[in-house]
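The structure under discussion appears below in the form of C-alpha cells.
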Amino acid sequence: MQWQGSGFADTPAADARCHLYLAAQAEAGSKHIAQAAFAVFGPPVAIACADWACERLQGRTIERARSLTSRDFEQALGLAPAERYAALLVLDALEAALTDWGA
C-alpha cells in the first residue's frame, strides 16, 4: 500500500501517541480516502477512537474527512468528558495526515 499522507499527534499528559496513514483514490476528479490505518500507543480509548476514525474515513472525500468533530467521536463511542482527549488526539493526527497529503 502506498500511503499518500501520514500524520502524528501526541498528548504528553495522557501519554498517548497516534500515527494516522491515508491512501488516496482519484475518482471523477475528486480524491477519496481509499484506505486509512493507524498505530496508537496509549490507553484503550485512544485505540478505539483511531479505529473508529479509520473505519469512518474510508470512502470519504477530503472535505468530509475534515468535517469530523470530537462530538462525532463522543456520540459514536460514548466517550466520557475525561476521554475527550483521545478524540482530539486522533483529529490532530488526521489534520497532520491531510496536510502531509497536500489536501
Side-chain angles (χ1 to χ4, degrees):
M1 173 60 58
Q2 179 74 23
W3 301 110
Q4 281 81 20
S6 67
F8 172 77
D10 67 345
T11 57
D15 196 26
R17 295 176 300 285
C18 177
H19 291 268
L20 199 65
Y21 306 94
L22 303 174
Q25 174 182 346
E27 189 174 291
S30 177
K31 287 185 185 177
H32 287 74
I33 298 170
Q35 192 168 10
F38 69 93
V40 171
F41 304 95
V45 67
I47 296 167
C49 285
D51 183 56
W52 181 83
C54 286
E55 288 179 21
R56 188 84 172 164
L57 289 170
Q58 291 181 7
R60 284 187 171 231
T61 63
I62 304 290
E63 295 77 27
R64 291 205 56 212
R66 285 192 194 277
S67 72
L68 282 179
T69 66
S70 60
R71 181 117 172 107
D72 295 328
F73 287 82
E74 291 169 11
Q75 290 177 339
L77 301 173
L79 299 180
E83 297 172 323
R84 186 171 183 250
Y85 75 89
L88 297 174
L89 171 73
V90 174
L91 287 171
D92 287 348
L94 173 60
E95 184 60 36
L98 290 170
T99 300
D100 181 53
W101 183 7

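Just so we're clear, the structure is a prediction, and the values are computed from it rather than from any experiment. Side chains are part of it too, since the values below use all heavy atoms of this structure and drop only hydrogens, waters and symmetry mates.
Taken to the nearest 0.5 Å, the CG atom of Leu57 stands 9.5 Å off from the CD1 atom of Ile62. Here CG of Asp92 is found 9.5 Å from OG1 of Thr11. Values are rounded to the nearest 0.5 Å. Here CG of Leu88 is found 12.0 Å from SG of Cys18. Values are rounded to the nearest 0.5 Å.
Under the 4.5 Å side-chain heavy-atom criterion for ILVMFWY residues, no single connected hydrophobic cluster contains both Leu89 and Phe38.
Note on residues 35-59: no pairs pass salt bridge (Lys or Arg N to Asp or Glu O under 4.0 Å), not counting sequence neighbours. The ring-ring contact (aromatic ring centres under 6.0 Å, His included) analysis of residues 52-73, with sequence neighbours excluded, yields the pairs Trp52-Phe73.
Between the Asp100 side chain and the Ser6 main chain, a donor and an acceptor come within less than 3.5 Å of each other.
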Practice problem: Check step by step if side chain to side chain contact (heavy atoms under 4.5 Å, CB included) holds for Gln35 and Gln58. | Solution: CA-CA 5 Å; Gln35 192 168 10; Gln58 291 181 7; 4.0 Å; yes
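Annotation for Trp3 and Ala37: closest pair CH2-CB, 3.6 Å, computed over non-hydrogen atoms. For the pair Gln4 and Ala23, the tightest heavy-atom approach, listed with the atom from each and the gap, is OE1-CA, 3.0 Å. Across all non-hydrogen atoms, the minimal contact from Ala97 to Leu20 is CB-O, 3.9 Å. Of all non-hydrogen atoms in Leu22 and Leu94, the two that sit nearest each other are CD1-CD1, 4.2 Å.
Remark: Arg17 engages Asp15 in a salt bridge (charged side-chain N to carboxylate O under 4.0 Å, His left out) (not counting sequence neighbours). Residues passing the ring-ring contact (aromatic ring centres under 6.0 Å, His included) test with Phe8, sequence neighbours excluded: His19. With sequence neighbours excluded, the residues that form a side chain to side chain donor-acceptor pair (under 3.5 Å) with Thr69 are Asp72.
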Review item, side-chain donor-acceptor pairs of residues 76-86, under 3.5 Å, at least two apart:
from, atom 1, to, atom 2, distance (Å)
Glu83, OE1, Ala80, N, 2.9
Arg84, NE, Ser70, OG, 3.4
Arg84, NE, Glu74, OE2, 3.1
Arg84, NH2, Ser70, OG, 3.0

